[in-house]
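To start, the structure under review is shown below, and the notes come after it.
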Amino acid sequence: MTRFIKKNKQHIGLPPDELIFRGQKKIDQVLLRIIDFDSTNLTEDYVKTVKEISEFQHKNTVTWINVDGLHNTSIMEEITSAFNLDTLVMAEVLNTEARPRVIEYDNCTLITIKMLQNDDNSNKTIVENLSLILTKSVLISFQERKGDVFEPVRERIRKQKKRIRNGGTDYLTFALLDIVVDNYLYVISLLGEKIETLEETLLLNPNQKIINEINNYKRELNFLRKSIKPAKEMIFSLAKLDSDYIGESTYVHYKELEDNISQANDSSDDYREILSDQLNIYHTTISSKLNDIMKFLTVFSVIFIPLTFIAGIYGTNFEYVPELSYKYSYFIMWGLMIVIAVIMLLFFKNKKWF
């Protein structure tokens, strides 16, 4: 399936509030995890039912509910009912191929964004849809698979860092989005290191392997930009949003996100230009080498043109030709022709002309 546009024919024509999972199943079982805290107390645990987490919405604390896996629509319906959410909200959560956006509803704000992570085993970029439902006292995050990308935020909560423990769900939302944007920068930096190392190789030994790598990096970079550019639009909209669920003091932090996502976006643009420049360098270098080859062949041809001209006029039609009476002259001629051809091929290969 294409990496840029993914649309299932079966989903065409469905109502927008239809609670159907639009994506790929990436985990066997849906996991529910809760972290409830204030400035002094902390509760953290995995739960088995939605009923266990619905009770926390009435407490005077900050509650972070993380849902790993979106394919179980029954659980999603229970969450919708337990937190009195509009079905349109959950329908957006279940649509993992949707463009990043921020939408305000009567009792919540929905934020969706793509998460980028580098898989150390395969050295490939993993893309995952993240949805955040923000209310006054509860933040619900939805991930497609179980992961530890938000573990630094959990550690800050466990270590009683004042800013996050005294902040509300709006600051917790910022902390999660900050992790996502930092991963953008990290993934781009890894790709950037590979792109920058190509330039030296490109100047010393331009070949078809280099051009294939450049094209692969361009394809990967375009794929990253597909997630980063809409995320930039979403974060800029979020920073300007006049929401009841985001305090005035927290908007300063959302402004920081604007700077970080702009840096990620600018870096992707810069590396795209570098790849274009490298393509130009490759073609220029190849053209220069071709000119050198043509120059040598021209000189080589010029030397032999008068010799060929003389041989064409006089041939070998002389009265005394020693080789005529020699028994092996024909075979020597063939051997000499083959040796000359081999020497020329080796010379051209040593010059890397083919």
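For reference, positions follow the sequence shown, starting with 1.
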When rounded to the nearest 0.5 angstrom, what is the spacing between [atom1] in [X] and [atom2] in [Y]?
| X | Y | atom1 | atom2 | result |
| --- | --- | --- | --- | --- |
| Ile133 | Glu92 | CD1 | CD | 10.5 Å |
| Leu110 | Leu134 | CG | CG | 10.0 Å |
| Leu70 | Gln24 | CG | CD | 12.5 Å |
| Phe150 | Asn66 | CZ | CG | 7.5 Å |
| Leu275 | Asp270 | CG | CG | 11.0 Å |
| Thr96 | Gln143 | OG1 | CD | 13.5 Å |

field: Phe236 six-ring centre to Lys232 NZ/CZ under 6.0 Å and within 45° of normal
entry: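 Yes.
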Please report the closest heavy-atom contact between [X] and [Y], naming both atoms and the distance.
| X | Y | result |
| --- | --- | --- |
| Leu185 | Asn260 | CD2-O, 4.1 Å |
| Ile27 | Gly69 | CG2-CA, 3.4 Å |
| Ile246 | Tyr251 | O-CE1, 3.6 Å |
| Phe21 | Leu94 | CD1-O, 3.7 Å |
| Val187 | Thr125 | CG1-OG1, 3.7 Å |
| Ala175 | Val153 | O-CG2, 4.0 Å |

Has the side chain of [X] got a donor or acceptor atom that lies under 3.5 Å from a matching backbone atom of [Y]?
| X | Y | answer |
| --- | --- | --- |
| Glu128 | Arg145 | yes |
| Lys136 | Asp244 | yes |
| Gln278 | Ile195 | yes |
| Ser39 | Asn166 | no |
| Tyr245 | Asn107 | yes |
| Asp38 | Asn41 | yes |
| Asp170 | Gly247 | yes |
| Glu52 | Thr49 | yes |
| His71 | Asp28 | yes |
| Ser276 | Arg272 | yes |

Side-chain touch [X]/[Y], heavy atoms, less than 4.5 angstrom:
| X | Y | value |
| --- | --- | --- |
| Ile113 | Tyr184 | yes |
| Trp64 | Glu44 | no |
| Lys229 | Asn265 | yes |
| Leu346 | Ile343 | no |
| Leu85 | Cys108 | yes |
| Ile235 | Val181 | yes |
| Pro152 | Ile179 | yes |
| Ile126 | Asn118 | no |

Neighbour count above 12 (heavy atom, 6.0 Å) for Asn291 CG: yes
message: Taking atom NZ as the centre, does Lys240 end up with more than 12 heavy-atom neighbours from other residues, nucleotides or ligands that are less than 6.0 angstrom away?
response: no
message: Going by the rule ring pair (Phe, Tyr, Trp, His ring centres under 6.0 Å), which residues pair with His253 if we only count those two or more places apart in sequence or in a different chain?
response: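 Result, ring pair (Phe, Tyr, Trp, His ring centres under 6.0 Å) vs His253: Tyr171, Phe174.
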task: Dump the intermediate steps for side-chain hydrogen bond (donor to acceptor under 3.5 Å, both in side chains) on Tyr186 and Gln117, then the final yes or no.
output: CA-CA 8 Å; Tyr186 176 68; Gln117 300 177 65; over 6 Å; no
- request: Mind jotting down which residue pairs meet the salt bridge (Lys or Arg N to Asp or Glu O under 4.0 Å) criterion with at least one end in residues 58-79? Sequence neighbours excluded, please.
  value: Asp36-Lys59
- prompt: Taking it one step at a time, do Thr63 and Ser137 satisfy side chain to side chain contact (heavy atoms under 4.5 Å, CB included)?
  reply: CA-CA 6 Å; Thr63 305; Ser137 61; 5.8 Å; no
- request: Determine, stepwise, if the pair Glu155 / Lys161 fulfils salt bridge (Lys or Arg N to Asp or Glu O under 4.0 Å).
  value: CA-CA 9 Å; Glu155 281 298 316; Lys161 297 296 181 180; over 6 Å; no
Candidate pair Glu233 and Arg99, rule salt bridge (Lys or Arg N to Asp or Glu O under 4.0 Å), full reasoning: CA-CA 10 Å; Glu233 297 173 9; Arg99 184 181 176 89; 2.8 Å; yes
message: Check this for me: does any side-chain nitrogen of one of Arg225 and Asp269 sit under 4.0 Å from a carboxylate oxygen of the other?
response: yes
- prompt: Does a salt bridge link Glu151 with Arg158, judged by any charged N lying under 4.0 Å from a carboxylate O?
  reply: yes
message: Can you confirm whether the side chains of Asn222 and Arg219 place a donor and an acceptor under 3.5 Å from each other?
response: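 Note: Asn222 and Arg219 side chains miss the donor-acceptor criterion.
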- prompt: What's the verdict on side chain to side chain contact (heavy atoms under 4.5 Å, CB included) for Leu132 and Leu139, showing C-alpha distance, side-chain angles and the deciding distance?
  reply: CA-CA 7 Å; Leu132 303 173; Leu139 173 66; 4.1 Å; yes
- request: Go through Arg33 and Asp45 one step at a time and tell me if the salt bridge (Lys or Arg N to Asp or Glu O under 4.0 Å) criterion holds.
  value: CA-CA 6 Å; Arg33 186 174 185 176; Asp45 199 6; over 6 Å; no
